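Scroll down for the structure; my scribbles are underneath it.
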Amino acid sequence: MQTAFTSPIALPHLEAAPVRESDSARYARCVRVSRRVRWDIDADVIRGRDFDYSRTFLPAGLSKVDELDFLSGAEQRLLSQVQGRSYAYLFGLVERFIGAKVLQLSGRHWLGDQKALEALVRFSDEELKHQELFRRLEAMMDARMPAGYRMVAEPNAVARVVLGKRTWAVLALICHIELFVQQHYEQSIAPQEDLCPLWKDVFMYHWREECQHAILDELEWTAENARLSGEERDAAVDDLIALVGAVDGILQAQAASDAEYFAAANATVNGRSLAAAEREQVAALMLRAYRWQYIVSGVQHPHFSKLLGSMTTPAQMQRIAAALAPILW
C-alpha cells in the first residue's frame, strides 16, 4: 500500500525550539489558566454600560493629578479622564506589535511542544481581543468627551519599527510592559473604590489575561537569550535602548497633545481657562506621569530588573542605565 505522504511538505525555515520539561509545565499551566479566565467584551466587560464621567478614570497613583493643587476636584477628575483615554489608546497601540511578535514566535513550536504552541496562539488571540476592546472604548469616549483629542502614533507604523528590531530586544520590551500591567492594576487600580465602575472592570479583565502573558514573555525571552552569542546580545541591547527611546518619543508627543486637549476641554467642561504657568505645569505633569506609567514603573519592577540583570553584563547594564537616566529623573 502506497503511503499518502510520499514527499515532505515544504515549510518555511524555522529555528527549532526545544522546550525543557519544567518550561513545558509552565506553558501547560498558562493554557489551563487562559481557558479558565477567558472573557467576552460585551457579555463580561461592557455589559451595556457607558463610562460614568462623574467619576475618576485613571487613579492618582498613575495619573499624578493630585500633585497639581491649583486644579479643582472637577478639573483633576477631567484630567484623570484625559489621561485614562490615552492609557487605553497606548495599550491598544503596543498590543499591535505584541500580538504580531507572539504569533511569529509561535512558529518555533509548530512541530514541537503543542502546549507551548497553544499557549502562544491563545496569547495572540487574547491580544487581538484586547485591541478590539480598546478600540471600542475609544469610540465610546469619543462620543462623550469634548472634540479635539488626538492619537499621535499609528499602531501599524509603530509595529513596523518595533518588529524590525532583534527578537531579544522586542521580548525585553514586551516583558517589561506586561509586568507593569499587573503592577498598575494590583497597586493602583484595584484598591481604589471611587473609580468609574466600567473603567475599573476593563482593567480588571485585562489584568486577568495579562498575568499569563508575562509568564510566556519570560519563557520566550530566556529561550531567545540562550540562542545568542555575546556579540548578538550586545547588539540586541542597543536595539532595546533604541526601542525605549522610541517609546519615550511617543510619550512626549502624546503628553504635549493631551496637555493642550485638557486645557481646551477644561474651558468647555468646567468653564475655566488655564493661565500660561498652569498650562506649563500640566504639560510637565503629563510627561512625568506617562513616563512613569509606560517606562519607569516597568524598569523598576523587581522581577524585570532581575531578568534583565541575569541576561546582561555590567557594562551593558551601565549603557542601559545611562540611556534611561534622563527619563528616570
Side-chain angles (χ1 to χ4, degrees), residues 62 64 83 86-102 104 150-181 183-184 214 217-218 220-221 224-225 228 230-260 283-301 303-329:
L62 296 171
K64 313 295 184 186
Q83 281 205 38
S86 287
Y87 189 71
Y89 150 61
L90 289 169
F91 271 124
L93 177 85
V94 301
E95 286 176 337
R96 183 66 54 88
F97 66 74
I98 293 174
K101 190 63 184 179
V102 171
Q104 180 188 64
R150 186 169 67 92
M151 295 177 282
V152 303
E154 198 279 318
N156 287 333
V158 173
R160 289 187 186 97
V161 172
V162 174
L163 296 174
K165 301 299 184 183
R166 291 169 177 83
T167 294
W168 186 96
V170 178
L171 286 171
L173 179 64
I174 292 173
C175 186
H176 151 271
I177 290 169
E178 287 173 335
L179 284 171
F180 75 59
V181 166
Q183 183 183 68
H184 290 183
D217 296 333
E218 178 181 339
E220 293 296 317
W221 186 19
E224 176 66 17
N225 185 67
L228 300 185
E231 289 183 357
E232 290 170 331
R233 191 174 299 104
D234 198 58
V237 167
D238 287 337
D239 275 1
L240 176 59
I241 290 170
L243 286 174
V244 173
V247 170
D248 190 54
I250 293 171
L251 299 180
Q252 290 184 51
Q254 193 66 47
S257 179
D258 285 358
E260 292 181 6
L285 183 281
M286 285 282 205
L287 179 56
R288 188 152 44 85
Y290 289 1
R291 281 174 161 173
W292 164 253
Q293 292 161 23
Y294 272 87
I295 298 178
V296 179
S297 63
V299 168
Q300 294 181 347
H301 192 289
H303 192 58
F304 179 76
S305 298
K306 180 181 178 181
L307 287 171
L308 184 62
S310 71
M311 297 188 220
T312 52
T313 65
Q316 289 165 346
M317 284 299 294
Q318 278 191 325
R319 280 172 25 218
I320 294 170
L324 286 172
I327 297 171
L328 294 175
W329 296 106

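All residue numbers refer to positions in the sequence shown, counting from 1. From a predicted model like this one, the values you see are computed outputs, not experimental measurements.
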How long is the straight-line distance from [atom2] of [Y] back to [atom1] of [X], given to the nearest 0.5 Å?
{"X": "L171", "Y": "M311", "atom1": "CG", "atom2": "CE", "result": "9.0 Å"}
{"X": "W221", "Y": "N225", "atom1": "CH2", "atom2": "CG", "result": "8.0 Å"}
{"X": "C175", "Y": "E220", "atom1": "SG", "atom2": "CD", "result": "11.5 Å"}
{"X": "I177", "Y": "Q293", "atom1": "CD1", "atom2": "CD", "result": "13.0 Å"}
{"X": "D238", "Y": "K165", "atom1": "CG", "atom2": "NZ", "result": "9.5 Å"}
{"X": "R291", "Y": "S297", "atom1": "CZ", "atom2": "OG", "result": "13.5 Å"}

Do you know which two heavy atoms are closest between [X] and [Y], and how far apart they sit?
{"X": "I241", "Y": "A323", "answer": "CG2-CB, 3.6 Å"}
{"X": "L163", "Y": "A100", "answer": "CD1-CB, 3.8 Å"}
{"X": "T312", "Y": "L308", "answer": "OG1-O, 2.7 Å"}
{"X": "A283", "Y": "A259", "answer": "CA-CB, 3.7 Å"}

Any salt bridge linking R150 with D258? Criterion: basic side-chain nitrogen under 4.0 Å from a carboxylate oxygen.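 Salt bridge: no.
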
Option from V237, D239, L228 for which side chain to side chain contact (heavy atoms under 4.5 Å, CB included) with R166 holds: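 Answer after filtering V237, D239, L228: D239.
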
Non-hydrogen side-chain atoms of [X] and [Y] separated by less than 4.5 Å:
{"X": "I320", "Y": "M317", "answer": "yes"}
{"X": "Q252", "Y": "Y290", "answer": "no"}
{"X": "L328", "Y": "Q300", "answer": "yes"}
{"X": "Y294", "Y": "I250", "answer": "no"}
{"X": "V94", "Y": "L90", "answer": "no"}
{"X": "L251", "Y": "I327", "answer": "no"}
{"X": "E232", "Y": "W168", "answer": "no"}
{"X": "I174", "Y": "F97", "answer": "yes"}

Assert yes or no for the condition that the ring centre distance of Y87 to F91 is strictly below 6.0 Å.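 Yes, the ring centres sit under 6.0 Å apart.
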
Step through it carefully: locate the ring centre of H301, locate the ring centre of F180, and say whether they are under 6.0 Å apart.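 No, the ring centres sit 6.0 Å or more apart.
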
Any chance you could lay out the side-chain contact (heavy atoms from CB on, under 4.5 Å) test for I98 and V162, step after step, and finish with the verdict? CA-CA 9 Å; I98 293 174; V162 174; over 6 Å; no

Run D234 and R319 through salt bridge (Lys or Arg N to Asp or Glu O under 4.0 Å) and show every step you take. CA-CA 10 Å; D234 198 58; R319 280 172 25 218; 2.7 Å; yes

Is there a donor-acceptor pair under 3.5 Å between the side chain of S86 and the backbone N or O of Q83?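 Checking the backbone N and O of Q83 against the side chain of S86, no donor-acceptor pair under 3.5 Å is found.
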
Sidechain-backbone polar pair: H176 side chain, I295 backbone, donor-acceptor under 3.5 Å: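 Such a contact is found between H176 side chain and I295 backbone.
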
